[in-house]
Structures are given as structure tokens and as C-alpha cells.
Number of protein chains: 2
Amino acid sequence: MPHGGLLSNETGAALQQVRTEPIQQRSAARLSGLLDAAAAVVDEVGFDRITTAMVAERAGASIGTVYRYYPDRVAVLHALHERAVVRFRQRVVDELGASTLTSWWDAVDCVVTAFVGLYRTEPGFRIVNFDDRHGAPTADAVADADFFARRLADVLVNEFNLPAGAELIFRLEVAVEMADALLARAFHTDPVGDERFITECRLVLRDYLDRFYSPQALHLLAALS
Amino acid sequence: MPHGGLLSNETGAALQQVRTEPIQQRSAARLSGLLDAAAAVVDEVGFDRITTAMVAERAGASIGTVYRYYPDRVAVLHALHERAVVRFRQRVVDELGASTLTSWWDAVDCVVTAFVGLYRTEPGFRIVNFDDRHGAPTADAVADADFFARRLADVLVNEFNLPAGAELIFRLEVAVEMADALLARAFHTDPVGDERFITECRLVLRDYLDRFYSPQALHLLAALS
DNA sequence: TGGTCACCGAGTGGAATTCAATCATCTTGG
DNA sequence: CCAAGATGATTGAATTCCACTCGGTGACCA
């Protein structure tokens with residue numbers, strides 16, 4: 001299942017995600033506690049064997065409490081997914097800030113590094129590969145699909161003068177899909193991640209994007225316009 | 001989710017897949033009828049919302065009949081998956097037979113064409129993207145993961161003299177993962193398949209493999225040994 | 001006409017989800 | 001600063017839904 005990996009939107013996140021916005025401060029702790037519990041359970045039994053009871057018990061709460069915050073079981077998974085994505089984005093900007101970037105490639109590399117790092121350390125991070133596929137096409141699935149690609153496009157345009165536009169976004173969408181698949185494959189059985197697939201992922205991304213956005217290609221492009 | 005797409009194994013297929021081998025001829029019809037029903041339901045509600053009752057009703061059978069042939073719900077999905085894979089392979093060989101192949105690229109192209117064709121016409125074909133992810137690492141997940149890659153490797157080695165070996169298999173595994181992801185993305189919302197992703201898939205595959213197995217690269221390789 | 005093969009569908013059990021009762025924390029008038 | 005409400009938070013028994021079982025019934029075959 002493609003998509004769902006690096007991608008997500010922000011607006012739709014809180015949209016009916018949480019039943020009741022936490023008012024008192026203890027609720028916030030409860031909420032993140034529930035997600036921590038869910039993450040732990042995901043690591044233990046996988047995210048289709050998860051039960052609401054497990055999450056509740058692990059969080060030291062009762063079943064009812066889970067349902068106070070989330071309308072149903074998959075909503076919990078969605079929330080966990082969202083949190084993972086948020087942390088991923090944070091990690092990316094950290095990574096970007098800590099590195100000296102000499103070309104767009106370094107930025108792409110940072111993204112891969114951030115993803116791999118989280119896969120290794122963040123409990124339940126495999127949830128980023130969760131995408132519940134409905135038969136009925138999810139209403140705004142496409143709308144939020146390319147969110148991350150757009151984000152990344154902005155960075156590449158502003159920092160490295162790549163040509164903005166729908167084409168760049170599409171290319172990045174493709175790149176994200178490929179990276180997602182290869183990295184997920186790297187961690188499919190190996191908890192540390194199969195290095196062969198990780199390095200091949202970097203290679204593929206670079207080659208693919210180089211085809212359009214290498215210095216030479218850009219130079220050529222500039223000459224034409 | 002990675003793997004599971006174009007891949008599958010053959011040995012594990014019939015292994016505990018069907019509870020009772022059909023003895024009388026009407027049973028065979030029942031069996032395929034159940035799978036047809038399952039395929040229809042998959043198209044309607046997606047393959048995680050599917051219920052045994054839905055399949056039974058759709059097939060004009062009772063719950064018990066479903067369980068006469070399949071030990072549990074996921075076994076039905078596995079069987080449907082297997083059938084899809086079998087039909088896919090058949091389609092690939094048909095396609096290969098009908099085309100005049102001038103290079104390994106044509107063979108790869110045929111595979112993509114077959115996959116896209118089935119996605120468009122075969123009910124429930126999206127099941128090829130089904131891979132039940134357990135928390136406990138599936139015992140032989142890796143073992144059957146590269147089955148299709150090996151198969152394809154055989155063809156490419158025998159027909160187009162690509163250099164056999166673990167490297168080729170790994171490359172094809174990577175290629176399969178990428179193609180799987182991009183094609184699944186193409187059909188994620190669009191039932192006819194987003195042509196942009198399909199053509200980009202062909203492009204990516206060609207570029208990726210060309211890097212190692214283009215005539216020039218092969219020539220170079222031959223010179224070194 | 002007995003012996004399998006197929007089939008049925010009410011029944012069982014476990015997990016998902018609800019909800020009315022209870023506890024905890026705020027807040028407001030005195 | 002302190003009662004009571006008022007409102008948020010929590011609980012867990014009850015309910016619903018769904019996978020799966022099994023004893024009984026008809027269909028085929030020899």
C-alpha cells in the first residue's frame with residue numbers, strides 16, 4: 001500500500017480525530033499516554049492485532065476512556081499515525097538545520113536519514129505505513145496525498161532554486177512513493193533496517209531526481225527559457 | 001505496504017489454503033464462486049472491511065459454506081490473492097508471447113502492461129497489494145518475498161543474457177517494490193489508473209535497470225571479466 | 001439404502017462500542 | 001477563602017457486531 005508513508009495533511013488531522021478537545025491539563029497527559037500505549041502495543045503485536053482493551057490496560061485507563069477521546073479503534077491508529085508524521089517533520093527540520101547543505105541532494109538525504117532514524121528509535125513508528133484502504137475512495141485522500149511533496153518542493157525551490165511548479169511536485173510525489181516502499185521494505189523484517197535497501201533508496205532517489213534537476217539539467221533548462 | 005504486490009510463492013499457496021479438497025464437481029464452482037464474491041466485496045468495501053457474512057451472502061451461500069472451504073477470514077483473502085497472482089502470471093506469459101521482444105526492456109514493459117491491464121479489468125485485483133502485516137515477523141516472509149523477482153530474473157537471464165546472480169535478483173526486488181508502489185498509487189483513487197504514474201513507472205524502471213544492464217553497461221561488464 | 005459429500009444457520013465467544021452512574025476539577029457567589 | 005453547583009473525566013457492565021463452530025438435513029453416489 002503506497003501513500004500514507006511520509007505524507008499527511010495538517011488540517012484534516014484534528015478534524016474529527018479527537019472526540020473531545022482536552023480541557024483540563026490531565027487530559028493532555030491521558031491523550032499522549034494513550035498514544036504511547038498504542039505505540040507500544042503496535043510494536044508488540046502489530047497494528048492489526050491491536051485491541052482497544054490492550055491500549056486501555058497499557059495506559060492504565062479503562063476502555064471507556066479510550067472511547068472518550070477516539071471514536072473508534074482505527075481513529076487511535078490514525079492519531080498515532082499523525083503524531084508519527086509530526087515528529088518526522090520535526091526531525092527533518094532538525095536534520096536540515098544541523099547539516100550544511102550544498103545542494104538539493106543533501107536535503108533529500110536528510111529526509112531519508114530522518115525517516116530511518118525514527119524507524120529505529122520511535123516506538124510504533126511503523127504506523128507511518130498504515131493506510132486503511134476503504135473501497136469507497138476516501139474523500140480527500142488525494143488532497144492530502146501530496147502535502148509532504150509540496151512542503152519539500154517549497155524547500156527545494158527556495159533554498160536551491162529548483163523550478164517551482166506542478167511538475168516538481170509530481171516528481172517529488174513519485175520520489176516519496178518510491179522511498180516509502182523501499183524503506184518500508186528495508187524494515188519489513190529487519191528491525192534495524194536492511195542497509196542494502198536503504199542505500200539503494202538513496203541511490204534511486206538521487207538518480208531519479210538528477211535526471212531532471214541535476215546542475216546540468218537545470219542549466220539546460222535555464223538556457224531554454 | 002511493501003512486498004506482497006507482484007510477489008508470492010507457489011509452495012505455500014495450497015498449504016492449508018483450502019480446508020477440504022473439492023470432491024464433487026459442484027464444489028469447484030462453489031469455490032470459485034466464493035472467490036468471485038470475495039473479489040466483488042473487496043471492490044465494494046475494501047479488503048479490511050470485508051466480513052465472512054458479506055462473502056457468503058454475495059455468493060448465495062451460508063456462512064458455514066465459507067468455513068467449509070477456508071479455515072478463516074484471512075485465508076479467503078490469501079486465496080483471492082493467490083488467484084490474482086496466478087492470473088497475473090498467466091497474463092504476463094500471454095503478453096510476452098504476443099509481443100516481439102527485442103531487449104529485456106520489452107519484457108519489463110510487458111509485466112507493467114499485464115499488471116495495469118488486470119488492475120483495470122479483474123475484479124478485486126487490488127488484493128495483490130494485500131500483505132497481512134503481523135507484529136511477529138512472519139516466518140517465511142522473506143523467503144517468498146523475492147519469488148517473483150527470481151522468476152523474472154530467470155527469464156531475463158535466459159532470454160537476454162543478463163548476468164545471473166544475487167545482484168540481479170536484488171535489483172529486481174527493488175524494481176518490483178518501486179513498481180508496486182507507483183502502480184498502486186496510480187490506482188489509489190482513479191479506477192482507470194492515473195496515466196502519469198503509470199508512464200512514470202515505466203520510465204523509472206527502465207532508468208533504474210539501464211544503469212546496470214544497458215547494452216553499454218553489459219559490454220563494460222563483459223570486458224572486465 | 002447406506003455412506004459420504006455439501007450445505008445450512010442458530011449458537012458461542014471474544015472484541016468493539018455505548019452509556020448511565022460516579023469521581024475530579026473548576027468556578028462562582030457569598 | 002469556602003461551599004456547592006457545573007462541567008470535565010473516568011469507569012465498567014451491558015450491548016452489538018462479527019468470526020467461527022457444530023449438530024442436523026438434504027444431495028449425490030455405489
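Computed from a predicted model, the values in this text were never measured in an experiment. Chain A is the first sequence line, chain B the second, and so forth, proteins listed ahead of strands; every chain is numbered from 1.
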Donor-acceptor pairs are to be reported for all side-chain atoms of residues 55-66 of chain B against protein atoms at under 3.5 Å, with residues two or more places apart or in another chain.
| from | atom 1 | to | atom 2 | distance (Å) |
| --- | --- | --- | --- | --- |
| R58(B) | NH1 | E44(B) | OE1 | 3.3 |
| R58(B) | NH1 | E44(B) | OE2 | 2.8 |
| R58(B) | NH2 | E44(B) | OE2 | 2.8 |

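Residues passing the side-chain hydrogen bond (donor to acceptor under 3.5 Å, both in side chains) test with S32(B), sequence neighbours excluded: none. The salt bridge (charged side-chain N to carboxylate O under 4.0 Å, His left out) search around R202(A) returns D109(A), not counting sequence neighbours. For the salt bridge (charged side-chain N to carboxylate O under 4.0 Å, His left out) test, residues two or more places apart in sequence or in another chain that qualify with D207(A) are R211(B). Applying the side-chain hydrogen bond (donor to acceptor under 3.5 Å, both in side chains) criterion to E159(B), with sequence neighbours excluded, gives no partner residue.
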Close N/O contacts between protein and nucleotides 14-16 of chain C (under 3.5 Å):
| from | atom 1 | to | atom 2 | distance (Å) |
| --- | --- | --- | --- | --- |
| dA16(C) | OP2 | T52(A) | N | 3.3 |
| dA16(C) | OP2 | T52(A) | OG1 | 3.2 |

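Nucleotide dC7(C) holds its C1' atom 12 Å from the CG atom of L34(B), rounded to whole Å. For the pair I63(B) CD1 and dG23(D) P, the interatomic distance rounds to 18 Å; values are reported in whole Å. Between R68(A) atom CZ and dA21(C) atom P the separation is 17 Å, expressed in whole Å. Computed from coordinates, the E57(A) CD to dT10(D) P distance equals 17 Å when rounded to whole Å. Here the C1' atom of nucleotide dA19(D) and the CZ atom of R49(B) are 17 Å apart, to the nearest Å.
Close to dT17(C), at under 4.0 Å from its OP1 or OP2, lies no side-chain N or O of Y70(A). Look at R30(A) and you won't find any side-chain N or O under 4.0 angstrom from OP1 or OP2 of dA24(C). Between T65(A) and the phosphate of dT11(D), there is a side-chain N or O to OP1/OP2 separation shorter than 4.0 Å.
The listed nucleotides are dT10(D), dC7(C), dT11(D); the one nearest the side chain of A61(A) is dT11(D).
Salt bridge status for E122(A) with R91(A): absent, with no side-chain N to carboxylate O gap under 4.0 Å.
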